[in-house]
Protein chains: 2
Amino acid sequence: MFSKACEYGIKAAIYIATQSYEGNRVTPKAIALEIDSPKAFTAKILQALVKHDIVFSVKGAYGGFEIPKEKIGRIKLSQIVNAIDGDTIYKGCGLGLNQCNENHPCPVHDKFKRVREELKYMLENTSLEELALNIKSGLSFLKV
Amino acid sequence: MFSKACEYGIKAAIYIATQSYEGNRVTPKAIALEIDSPKAFTAKILQALVKHDIVFSVKGAYGGFEIPKEKIGRIKLSQIVNAIDGDTIYKGCGLGLNQCNENHPCPVHDKFKRVREELKYMLENTSLEELALNIKSGLSFLKV
DNA sequence: ATCAATTAAGACAAAAATATCCTAATTGAT
DNA sequence: ATCAATTAGGATATTTTTGTCTTAATTGAT
Ligand code: SF4
Ligand code: SF4
């Protein structure tokens with residue numbers, strides 16, 4: 001469904017959010033440990049999230065990654081996916097004709113439409129906040 | 001959503017079906033041309049479909065690929081996807097924890113559940129027949 | 001001012017997916 | 001029996017994705 005990079009990106013953002021609620025910045029090392037991902041690769045992905053203003057970085061000693069508390073509720077899963085995988089999840093679905101539209105649909109267009117729209121709706125209406133809170137309350141997990 | 005291999009596999013199966021209705025066998029060359037895919041790679045994918053008894057091959061001169069007319073209606077999109085991409089589409093969703101289940105869900109589990117089930121339902125309830133008939137009637141297209 | 005800790009960035013490496021090429025085996029037509 | 005057409009299968013090549021490593025830039029604490 002998503003690329004590995006995107007999976008790591010989502011998990012990283014969730015972990016950073018949980019820590020930001022406590023006022024802690026986190027390093028790529030801590031993140032990689034917490035979400036069970038390759039450290040250097042994760043660091044690359046974090047750069048992308050920073051470029052897209054989804055997470056914020058502070059360089060130098062005592063630096064790290066954080067997300068301002070008040071932003072966490074407004075960040076949607078769709079932004080993270082978009083920052084890393086682009087819009088392929090919306091556009092590259094189905095059988096990926098070169099040009100595709102309602103007037104020249106591939107054979108599965110109508111069938112996929114519902115799934116695609118359901119996915120789109122879900123990504124656009126799931127906030128980082130709810131995902132992070134579920135982690136904090138032990139309802140869901142970032143690894144194992 | 002799907003791998004390229006899977007996209008080609010689906011399109012190839014649809015094209016073979018349309019031709020099988022007319023009693024024609026088709027070669028990988030013709031298929032690749034019709035679905036706009038790399039010929040040799042498509043041939044590889046066809047082998048997988050043959051192994052899974054989704055399409056049937058006849059070797060030698062005047063040979064080619066075909067699907068018995070009476071089977072076309074019973075072949076579901078899910079079988080094709082499964083033959084090529086395996087069950088990653090069902091199992092490898094979301095954030096892909098190492099082990100994942102209802103009791104130890106990743107943060108997006110509940111969110112993804114609906115999308116995943118919608119996709120599963122669609123794949124299991126879409127037959128090659130309906131896709132092929134839409135091509136024949138000009139309602140959908142295999143390329144451009 | 002210096003130092004240690006940290007992110008940023010780019011070069012490099014490995015693995016996986018995609019794609020090509022060549023040869024062998026099969027088979028219908030002649 | 002031979003030939004031409006065709007699938008099967010394996011070796012190889014290319015591209016993309018995933019992952020690593022090294023160095024530079026930044027910055028808070030001392
Ligand atoms: S025609 Fe529709 S389903 Fe097919 S690739 Fe285009 S947008 Fe996706
Ligand atoms: S916990 Fe659920 S959503 Fe997450 S990877 Fe497992 S099955 Fe998919």
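Any value given below was found using the heavy atoms of this structure, including those in side chains, with hydrogens, waters and symmetry copies removed.
Rounded to an integer number of Å, the gap from NZ of B:Lys29 to C1' of D:dA4 is 14 Å. Look at CZ on B:Phe2: it is 18 Å from C1' on C:dT18, rounded to the nearest Å. Note: OH (A:Tyr8) to P (D:dT17) measures 15 Å, nearest angstrom. The separation between B:Leu49 atom CG and D:dT7 atom C1' is 14 Å, rounded to whole Å. Atom CZ of A:Phe41 and atom P of C:dA9 are 17 Å apart (whole Å). B:Leu46 places its CG atom 12 Å from the C1' atom of D:dA8, with the value rounded to the nearest Å. Atom CD in B:Gln47 sits roughly 13 Å away from atom C1' in D:dT6 (whole-Å rounding). Between A:Lys44 atom NZ and C:dA14 atom C1' the separation is 15 Å, expressed in whole Å.
Screening B:Arg116, B:Glu118, B:Met122, B:Glu124 against B:Lys120 for a side chain to side chain contact (heavy atoms under 4.5 Å, CB included) leaves a single residue, B:Glu124.
When both distances must be under 3.5 Å, the Watson-Crick or G-U wobble mate of C:dA16 is D:dT15. Applying the Watson-Crick and G-U wobble criteria (two distances, each under 3.5 Å), D:dT7 pairs with C:dA24. Using Watson-Crick or G-U wobble geometry with both donor-acceptor distances under 3.5 Å, D:dA29 finds its partner in C:dT2.
By the 4.5 Å heavy-atom criterion applied to side chains, B:Phe56 and B:Arg25 are not counted as neighbours. Contact annotation: the side chain of B:Glu22 approaches that of B:Lys136 to within less than 4.5 Å [non-hydrogen atoms, C-beta and beyond].
Under a 3.5 Å cut-off, the side chain of A:Gln47 and the backbone N or O of A:Lys44 do not form any donor-acceptor pair.
Within 4.0 Å of A:Val55, counting heavy atoms only, lies no atom of the nucleic acid at all.
Side chain of A:Val50, nearest nucleotide from C:dC21, C:dA8, D:dT18: C:dA8. With distances taken from any side-chain atom of A:Lys51 to the nucleotides D:dT7, D:dC21, C:dA9, the minimum falls on C:dA9.
Under the 4.0 Å criterion applied to side-chain N and carboxylate O atoms, A:Glu117 and A:Arg114 are not assigned as salt-bridge partners.
Only B:Lys59, B:Gly60, B:Ala61, B:Tyr62, listed by number, bring a heavy atom of residues 56-71 of chain B to less than 4.0 angstrom from any atom of DNA chain C.
With hydrogens and angles left out, the side-chain atoms of B:Ser3 and B:Asp85 include a donor and acceptor closer than 3.5 Å.
Here the CG atom belonging to B:Leu131 is positioned 7.0 Å from the OG atom belonging to B:Ser140, to the nearest 0.5 angstrom.
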